[in-house]
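Written out below as structure tokens is the structure these notes cover.
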Amino acid sequence: CCTAIDTLAQDFGGISYDVEIDENNMDITIVLECDEVVIEKINHTLYELINRTIRYGFSVSKDGNLLIKFVFPGIWCKS
């Protein structure tokens, strides 16, 4: 997952990304901020990540940049 996020950041001119872990269900949220999204092939890394998410979405930052939000299932067991 991390390698795929790094690939997206390079492909889309990533400005920053933020990672959060939900303490209740341990889901992992990653938000990538970028200038634009250009997809020129059908097997792009973006599609691979979307298929592994619980949900995903797009929005716009205060600066007018594109935000891509991915929510992945948690990989840790809460004790």
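We're numbering straight along the sequence, starting at 1. Worth saying up front: this structure is predicted, and the values here are computed from it rather than measured.
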| request: List the atom of Arg52, the atom of Glu48, and the distance in Å for their closest heavy-atom pair. | output: NH1-OE2, 3.0 Å
| task | Return each pair, listed once, that meets salt bridge (Lys or Arg N to Asp or Glu O under 4.0 Å) where at least one residue sits in residues 24-45; pairs must be two or more places apart or across chains. | result | none
| Donor-acceptor under 3.5 Å (Asp22 side chain, Asn24 main chain) | yes
| remark: Phe12 meets the ring-ring contact (aromatic ring centres under 6.0 Å, His included) criterion, sequence neighbours left out, with His44
| In one Ile/Leu/Val/Met/Phe/Trp/Tyr side-chain cluster, 4.5 Å: Leu8, Phe58 | yes
| Value rounded to 0.5 Å, distance of CG in Leu67 from OG in Ser16 | 8.0 Å
| Got a second to check how far Ile28's CD1 is from Thr53's OG1, nearest 0.5 Å? | 12.5 Å
| Hey, does Cys34 have a side-chain heavy atom less than 4.5 Å from the side chain of Asn65? | no
| task | Is it possible for you to say whether Ile5 and Leu66 belong to one hydrophobic cluster, with membership spreading through side-chain heavy-atom contacts below 4.5 Å? | result | yes
| task | Please examine the side chains of Lys69 and Ile30, heavy atoms only from C-beta on, and report whether any two atoms are closer than 4.5 Å. | result | no
| task | Test Tyr56 against Asn51 for side-chain hydrogen bond (donor to acceptor under 3.5 Å, both in side chains), laying out the working first. | result | CA-CA 10 Å; Tyr56 65 94; Asn51 284 327; over 6 Å; no
| query | What closest approach, in Å, do Gly14 and Leu32 show between heavy atoms, and which atom pair accounts for it? | reply | CA-CD1, 4.3 Å
| said: Tell me whether Phe70 shares a hydrophobic cluster with Tyr17, the cluster being built from Ile, Leu, Val, Met, Phe, Trp, Tyr side chains joined at under 4.5 Å. | reply: yes
| query | Does some side-chain heavy atom of Ile39 sit less than 4.5 Å from a side-chain heavy atom of Leu46? | reply | yes
| note | Heavy-atom nearest pair, Phe72 first then Ile54, reads C-CD1, 3.8 Å
| task | Determine whether Val31 and Ile68 make a side-chain contact, defined as any pair of heavy atoms from C-beta on separated by less than 4.5 Å. | result | no
| message | For Thr29, run the side-chain contact (heavy atoms from CB on, under 4.5 Å) check against Val71, Val19, Asp18 and tell me which one passes. | response | Val71
